[in-house]
Structure formats: structure tokens, C-alpha cells
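Since the structure comes first, as C-alpha cells, the remarks are kept for the end.
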Protein chains: 2
Amino acid sequence: MSEDTARARQELALLLRRLNVELDAVGQRFAQLHGLNRTDVRALVAIMDAARRGEALTAGRLGEAVELRSASVTALVDRLEKVGHLRRSRDDADRRRVVLEMSDSAMAAGADHFGGLAQDMTAAMDAYTPAELAVVHRWLEDMTAVITRHARAEPPAAP
Amino acid sequence: MSEDTARARQELALLLRRLNVELDAVGQRFAQLHGLNRTDVRALVAIMDAARRGEALTAGRLGEAVELRSASVTALVDRLEKVGHLRRSRDDADRRRVVLEMSDSAMAAGADHFGGLAQDMTAAMDAYTPAELAVVHRWLEDMTAVITRHARAEPPAAP
DNA sequence: ACGTAATCTCTCGATGATCGAGATTATCGA
DNA sequence: TCGATAATCTCGATCATCGAGAGATTACGT
């Protein structure tokens, strides 16, 4: 691989990390605007993602998603419920479980903030052909796979 | 814009967020392995980035980078210095300042963890032509610009 | 030069997020 | 029914973060 090729690839990795930092900053800004902390936002995002997939998150699964112990999840849900972003309700099928549902107001606030971002991103993609976007799609999936492998376990890289 | 086009673009945005989550998980894993918390890792990354650009970070600038008040920065630097990841030293040019330097051991640990990731990502890019990578590069820069705008201030989107 | 304002970091006390251990409530299988 | 299992919550302790202000150093105006 030529020097230039290597440099170009490394630059892509750096760009991705920079993008990651800025995306975090967007979440941070949402938190400030609504008087939440970082964890609260991560939790709301996790619940919204689950809702998008059609599942309602339980307290336990939320704890897994944001890597918090059950005691902390209780406190977290207390906070979010107190400010009206969340509702607790017992699962009828398994009454040990507590399912979490976002309030309409929180959903609207999230849609406003992150939806606006998604809209701007979508608009910025006007400058790309479908073929180009397909390349980006493939690249993102490949990179996500690599990153996920590193996130789950120390890579079995050294044989 | 056709339905399919809109969906494809939205899917890219979702992919990007998923990637973001996984990238955070990599940092989380690094933190666990080294007995650090999320903020500590963000701080080390900020210092490493600054070092890459050839600047030495001061305590104040680090606070800006990770969005912490001065009192918290002092505590943060105390923690990292205590475990040997960091050195404080007064700036000779402006003796009010405290410049921060990563220890060799911390630098090595970071290079091992994140460098391994970068290497795997670079390797995964074998499957792309230079032209394709150029498209990805342009897309990442465009998206970063949009995201940065949202991170800095509520977008002046609605005219 | 000199005094004053500005800048940078640190100390202190208070608040709140998180955790570990254990209690509580609900479900399931023998 | 009863014990085992699972999900959630309570309690007390710990630690990260903050606001206010102090101490030290530099920059500026006269």
C-alpha cells in the first residue's frame, strides 16, 4: 500500500472520531437545554431506539443498555419520571417487570432536536448520487463491524 | 425525492448513530480495563489529540475540551496524575499555567487499544478503491459540518 | 515603575450520581 | 404449596462534579 493510501485511510479514521466527538456534543447540548445529565440522555436515546424497533424497554434492559447497576437505574428512572419524560408501568404479561414509556413531551423534544439534525443531514446528502450513498452505506457497515468487535472483546488480533 | 431515496438517507443517519454508540463502547472498554471513568478517558483522548497536533494542553483548555469546571479539572488531573497517566508541569512562558503531558505508559496503552482499532479499520478499507474512499471522505466532512453546527448552537435552520 | 485588572489554577464545602448488599415482590416448576 | 429464580427497589457509603472564592502570575494603563 502506498504512503498516500495509508494516509488517506488513517485520515478517514480520524474524521470518524472527530464526527463522534461532535455527535456527543449534540447530545450534550440537548442535555443542557433540558436540564439533564449525560446518562439521562443516553437512557432516553436507548428508550427511543427501542421504541423505534417496537419494543418497550424494561428497567433491567435499560440498565444493560447504559451500563448501570439496578440501584442506579432506579435513581435514573426516578429522575426522568419526576420531570415527566418517562412513565413506569408494570408489564401485564410478567408482573415482575417494569416497562418504561417515554412521554409525548419528551418524544417531541427528542424529535425536535435530533430530528432536526437528521433532516439537515438528509438535506446535505442531496449532493450525492445513490451510488455514492451506497458506497458510504457499505463503508459504515464495515467500520461498525470492526468497531463492534473491538467494543465487545479485546480483538483476537495477535495470533 | 423518492421514498426509497429518503429511506436510504435516513438509514445512513441511523447507521452513523449506531457506529457512534459502538465507538463509545470501545472507549468504555478501555476505561474498564484501566480502572478509569468515562470522563478520564475523554480527557486522555483530548490530551492525545492535542499531542498529535503538537500542542501541550493546559488544565484550562482540557476543561473546555471535556466541558468541566476548573474545580473538576483539578480533581480529574489529580486522579490521572495519581495513577501515573499524566504529569503536571508549570509552563515556563506563563507560570500561571499548568501544562499536562501524558506519561509514556499511558501513551503506550492508548496506542495499543485505539491503535489496534485504527489498524483493523485501515485493513478493512482494502475493499475500497481510492475513488470510493474519497467519496466517503467527502461525506464524512459534510456530515461533520452539519453536526458541528447543531452542536454549537440551535441551528438557524428555520428562516 | 507602579497599581489595578485580568487570567489561571487550586481549595473547600455541598450536592448528587453511582454502587454493593440486601430486602421485596412476582413468577415458575416440582 | 413451597422453594428457586428473576426483576426491581431501599439503604448507606463513595466519589465525581460544581459554585464560590483564594492565591499566584501576567498584562495593561498611566
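Computed from a predicted model, the values in this text were never measured in an experiment. Just so we're on the same page: letters track the sequence lines, and every chain starts at 1.
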Could you tell me whether the phosphate oxygens of D:dG19, OP1 or OP2, come under 4.0 Å of any side-chain nitrogen or oxygen in B:Arg69? yes
Taking the side chain as C-beta and beyond, is there a heavy-atom pair between A:Asp120 and B:Arg149 under 4.5 Å? yes
Between D:dT17 and B:Arg79, is there an OP1 or OP2 to side-chain N/O distance shorter than 4.0 Å? yes
A:Arg87/A:Glu81 salt bridge by N-O under 4.0 Å criterion: no
Check the distance between C:dT9's P and B:Asp91's CG and give it to me in whole angstrom. 9 Å
Please check if A:Val21 and A:Leu23 belong to a single hydrophobic cluster, counting links between Ile, Leu, Val, Met, Phe, Trp and Tyr side chain heavy atoms closer than 4.5 Å. no
Nucleic acid contacts of residues 36-43 of chain B, taken as heavy-atom distances under 4.0 Å to DNA chain D: B:Asn37, B:Thr39
Between C:dT24 (C1') and A:Arg95 (CZ): distance, integer Å: 15 Å
Taking protein heavy atoms under 4.0 Å as touching, what does nucleotides 3-8 of chain D look like 5' to 3' if B marks base contact, S marks sugar-phosphate-only contact and - marks none? --BBSS
Taking the side chain as every heavy atom from C-beta outward, state whether A:Leu62 and A:Val77 have any atom pair closer than 4.5 Å. yes
Take the angle between the ring planes of B:His85 and B:His34 and call it parallel below 30°, perpendicular above 60°, tilted in between. perpendicular
Does the ring of B:Tyr128 carry A:Arg138 above it, NZ/CZ under 6.0 angstrom from centre and within 45° of its axis? yes
Is it true that A:Arg42 and A:Asp24 have a side-chain N and a carboxylate O under 4.0 angstrom from each other? no
Could you check how far CG of B:Asp78 sits from P of D:dC18, rounded to whole Å? 15 Å
Name the nucleic acid region contacted by A:Leu68, choosing base, sugar-phosphate or nothing; use a 4.0 angstrom heavy-atom cut-off, strictly under. sugar-phosphate
Can you measure A:Glu67 atom CD to C:dG20 atom P for me and round it to whole angstrom units? 13 Å
Taking every heavy atom of A:Ala59 against every heavy atom of A:Val73, the minimum-distance pair comes out as O-CG1, 3.5 Å
